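Within every chain, numbering begins at 1; the chains are lettered A, B, ... in the order of the sequence lines, protein sequences first and strands thereafter. Note that this is a predicted model, so its numbers are computed, not measured.
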There are 2 protein chains.
Amino acid sequence: MVSLKDVAERAGVSRSAVSRSFTEGASVAPATRARVLAAAEALGYRPNLLARSLTTRSTGLIGLVSNNFQNPAFLEIFDLFTRGLQERGLRPLLVNLTDEVDPARSVGLVRQYSVDGVIVASSTLPTAFARAFRDAGLPTVLAFGRVAGESGVDVAAIDNVAAGQLAAKVLLARGYRRLGFLGGPEAATSTQDRLAGFRAVAGDVRCTFARAYSFGAGRAAMQGELGDLCEGYFGGDDVLSIGALSALRDAGREVPRDVGLVGLNDMAMAGWETFRLTTIRQPFAEIVAGVLDMLAAGLRTPGKAPEVRVYPCALVERGTLRPPV
Amino acid sequence: MVSLKDVAERAGVSRSAVSRSFTEGASVAPATRARVLAAAEALGYRPNLLARSLTTRSTGLIGLVSNNFQNPAFLEIFDLFTRGLQERGLRPLLVNLTDEVDPARSVGLVRQYSVDGVIVASSTLPTAFARAFRDAGLPTVLAFGRVAGESGVDVAAIDNVAAGQLAAKVLLARGYRRLGFLGGPEAATSTQDRLAGFRAVAGDVRCTFARAYSFGAGRAAMQGELGDLCEGYFGGDDVLSIGALSALRDAGREVPRDVGLVGLNDMAMAGWETFRLTTIRQPFAEIVAGVLDMLAAGLRTPGKAPEVRVYPCALVERGTLRPPV
DNA sequence: CCCGTCCTTGCAACCGCTTGCAAAAAATTT
DNA sequence: AAATTTTTTGCAAGCGGTTGCAAGGACGGG
């Protein structure tokens, strides 16, 4: 492994000179820098960022933590995050928190790697996790979390209550009367908020909670409904809704004629011709951009007051809701 | 940030003693270690792994590189990799190589972070990438690559040629006569090998290549076929096949009666009741375990000779192929 | 009680890089 | 040409750890 010293020797300068040649705007004569860069090039030298981080106190590492590795929506989200981070010269350290229950352990884990900040990408991870990172002094931003109330961390998300309201309004406007809520994990804030909004508009609704955001869970939940079906359903998310849709179709129920279904997310799959799921779009790209923006701000200004960015969501019309009456 | 020095002071010992207290099997009196650990606990100290790596020359960081962020199969794969790495005390540095064409740049990137090794998880990334990592002196293992020929790196994968043969045999055994190949990106070794195997058994077949492993690409490709349909198709992978399936169904073709379709991967979605795709299973979990195993060996023994592990694949019977005649 | 062993411990150097500071060199002024 | 200012450079210390080495202590045997 070629180091600063090797380059310095080859270029006939001190190690400091080499170091400065590699830092933007450092005081070094153009000629020297040229010589150094040439030597570095010849030797195939690349500065060791981790060693550098010891003095600069910044690694460029960002903990990307999630517990959502079954929902295809998250592949889209990881794609956006990884690309976005890379564009900013940051590197995602992926942390899979599936089945993890102890925030302290996760904190220890990312701290040992001196990450500069952490992104919590999940709507089902208990808020204790995000708070734990924050309390450890790490700039933390929560994607897809709860926007109301004081979480103490940056949040970028839609207003899930509003989304629930929108779902209810739309279902009613399309003439569906008895409404049902087919939520994700009951404990998740996203589920609670969507339900709250849904209820605020639709009043008393039937509630079922799936054990996870997955096709199987959605299908099973809907199969449980078949005995006494509501007219319109708000599915906790797209993949859940797609599972529900399959149950309905297999049972011979006509969607959208007999029963209406609206999902949430607008993941790529919702648009697949097989499903044509009418859904409420959650603007992933914008949310991710917002997260990165706040993260960058948090890195620049440690101790910055937490910020909440709320993104609008809108109905995407496809085939699982009948047209307005 | 509390460091070695702080703990040493509080425990009334030298920094070395603290360091040793934290390394397995180092020479330190039990009583001292206890005192040190107590002090560390009280201060909330955690050793800085990156600083440690400077002398130990091992960061525990593993580059997990892929260019496959649209295919839901890869979410399953990332899940397996991240969990498997975490269990071994390693951390995945996720590198998204979508649209990247220059191997050198990727190498520089992971080298700057002194990763201990890299996992290339892709069947479409040019082999030049894996080789470039290897040439940079990094233990590299390629998941889902080509198993034949000398790549110079560890490989864990199925034998794609055999998979192609299996697909052809099965299709013929089910009485489908004119066969078509609906492959992924033409340049990918996986596509070439699957086709080669397919042809070896089925002889002259119709060939179409989708531009990516995606629903849309599969659907579009199959729509192109509709004018002059073959009887049986081997889809380059499940998501492609599912796209193709949707095109067939929408066109009113009866699957499996009029046309048969067999996919490859057996991703979770293939089992969804909506699709019930008959497919050739690629044992993800076993492959990932093999990758991690070889990676661990590579970390232990630098310069270890590259190894190739071939995993068997088998037909998973569902609804898109008629029963044997 | 003295001595040889073995276990513990601290010192100091080092991993690869950054940076404040003061000296040296170059450029400007007078 | 001397004096002053500005730029460039190297030194040395430090970031948070590890580790070879030699000195100090504890312990058992003679």
Side-chain angles (χ1 to χ4, degrees), chain A residues 1-37 39-40 43-61 89 108 110-116 136-137 302, chain B residues 1-37 39-40 43-61 89 108 110-116 136-137 302:
Chain A
M1 185 86 294
V2 25
S3 84
L4 209 53
K5 182 145 109 352
D6 307 310
V7 179
E9 276 164 14
R10 184 177 230 265
V13 296
S14 73
R15 292 159 54 228
S16 328
V18 177
S19 173
R20 289 195 257 260
S21 296
F22 278 94
T23 37
E24 202 72 36
S27 165
V28 56
T32 314
R33 166 169 276 151
R35 213 139 40 85
V36 166
L37 292 182
L43 262 35
Y45 169 77
R46 315 234 42 186
N48 180 334
L49 259 34
L50 266 22
R52 168 185 306 200
S53 79
L54 271 191
T55 42
T56 61
R57 341 229 77 201
S58 144
T59 54
L61 252 28
V110 298
R111 277 214 336 181
Q112 289 211 303
Y113 280 93
S114 336
V115 301
D116 289 347
Chain B
M1 186 87 292
V2 25
S3 85
L4 211 53
K5 182 144 112 346
D6 307 311
V7 179
E9 275 164 14
R10 183 178 232 265
V13 296
S14 74
R15 289 160 57 230
S16 328
V18 177
S19 173
R20 288 195 257 261
S21 298
F22 278 94
T23 38
E24 203 71 37
S27 167
V28 55
T32 315
R33 168 168 277 151
R35 212 141 39 86
V36 167
L37 292 181
L43 262 36
Y45 168 76
R46 315 235 42 187
N48 180 333
L49 258 34
L50 266 22
R52 167 185 306 196
S53 80
L54 230 36
T55 42
T56 62
R57 341 227 79 207
S58 145
T59 54
L61 254 25
V110 298
R111 276 214 337 182
Q112 289 211 303
Y113 280 93
S114 333
V115 300
D116 290 347

Heavy-atom contacts, protein to nucleotides 14-19 of chain D, under 4.0 Å, summarised as B (base), S (sugar-phosphate only) or - (none) per nt, yield BBBBBB
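Taken over five-pair windows at either terminus, the axes of the helix from C:dC1-D:dG30 to C:dT30-D:dA1 are inclined to one another by 40° (rounded to 10 degrees).
When side chains are defined from C-beta on, B:L4 does not count as touching B:F22, because their heavy atoms never get closer than 4.5 Å. Put simply, the side chain of B:S19 does not reach to within 4.5 Å of the side chain of B:R15, judged on heavy atoms. Considering only heavy atoms from C-beta on, B:L50 comes within 4.5 Å of A:L61 through its side chain. Residues A:S3 and A:N48 fail the side-chain proximity criterion, which asks for heavy atoms closer than 4.5 Å.
A:E9 has its CD atom 14 Å from the C1' atom of C:dG16, to the nearest Å. The nearest whole Å value for the distance from the CD atom in A:E24 to the C1' atom in C:dT18 is 16 Å.
Close to D:dT9, at under 4.0 Å from its OP1 or OP2, lies a side-chain N or O of A:T32.
When all heavy atoms of B:A51 and A:L54 are compared, the pair lying nearest together is CB-CD2, 3.7 Å. Of all non-hydrogen atoms in B:L37 and B:S21, the two that sit nearest each other are CD2-O, 4.4 Å. For the pair B:V7 and B:V2, the tightest heavy-atom approach, listed with the atom from each and the gap, is CG2-CG2, 4.3 Å.
Residue B:S53 is out of contact with every strand shown, counting any heavy-atom pair closer than 4.0 Å.
Taking OG1 of B:T59 as the start and OH of B:Y113 as the end, the distance is 12.0 Å to the nearest 0.5 Å.
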